Every structure is written in structure tokens, then in C-alpha cells.
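Input: a single structure, listed below in C-alpha cells.
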Amino acid sequence: MLKVRLMGTIRDIKWFEKMLLRNKSIVVSELSAPYQIKGSKKNRRVYAEVERATKKAK
């Protein structure tokens, strides 16, 4: 599992979240709510927990 911090505008973060969720080789287990970044009115940060998708045995 990886813990990833995304930083940027709300629009950019939403775009990247969609990219993560569409990727079939990645499982997003958790996404936090956007947090304010001190000193910035424009940017936010979001934390995500991602894992590699495992192939199911037949």
C-alpha cells in the first residue's frame, strides 16, 4: 500500500482522482476530504491510499 499526498487546485485534484479511479491496475482504498494549505487560498491537499490490483486466480 502507498499513501499519497495530492496537492493542487480542487479542479486538478478531482481530475487526478478520476484518473486513479479509472486505472484498473490500481485500487484506491481511501480518499480524504480536501484540506486547506497554510498560506494558500487557491490550493488544497488530499490524502489517498492506493494499492496494486491483484489478479484473481481462475
Side-chain angles (χ1 to χ4, degrees):
M1 174 184 52
L2 293 172
K3 293 188 178 189
V4 181
R5 180 174 63 184
L6 306 173
M7 296 175 63
T9 63
I10 293 289
R11 183 178 179 186
D12 290 340
I13 291 171
K14 291 291 182 190
W15 167 79
F16 196 75
E17 284 178 8
K18 287 179 187 178
M19 297 290 287
L20 285 175
L21 294 172
R22 273 191 237 147
N23 190 333
K24 300 298 182 198
S25 63
I26 297 172
V27 175
V28 179
S29 57
E30 189 174 330
L31 283 169
S32 74
Y35 291 96
Q36 182 76 35
I37 297 175
K38 286 185 180 181
S40 176
K41 293 181 181 181
K42 181 179 169 183
N43 293 322
R44 301 288 188 271
R45 70 180 184 271
V46 172
Y47 296 96
E49 289 185 7
V50 297
E51 296 181 66
R52 187 180 306 170
T54 58
K55 293 183 180 181
K56 293 183 180 180
K58 291 184 179 181

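Note that the coordinates shown come from a computational prediction; the quantities given were computed from them, not determined experimentally.
- For the atom pair CD (Glu49) and CE (Met1), the distance works out to 4.5 Å, reported to the nearest 0.5 Å.
- When hydrophobic side chains of Ile, Leu, Val, Met, Phe, Trp and Tyr are connected at separations under 4.5 Å, Leu31 ends up clustered with Leu2, Val4, Leu6, Ile13, Trp15, Phe16, Met19, Leu20, Leu21, Ile26, Val28, Val46, Val50.
- A search for side-chain hydrogen bond (donor to acceptor under 3.5 Å, both in side chains) contacts involving Tyr35 returns nothing, not counting sequence neighbours.
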**Request:** Please assess Gln36 against Arg44 for the test side chain to side chain contact (heavy atoms under 4.5 Å, CB included), listing each intermediate value before the final yes or no.
**Result:** CA-CA 5 Å; Gln36 182 76 35; Arg44 301 288 188 271; 3.1 Å; yes
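- Atoms NZ and CZ, from Lys42 and Arg11 in turn, are 11.0 Å apart once rounded to the nearest 0.5 Å.
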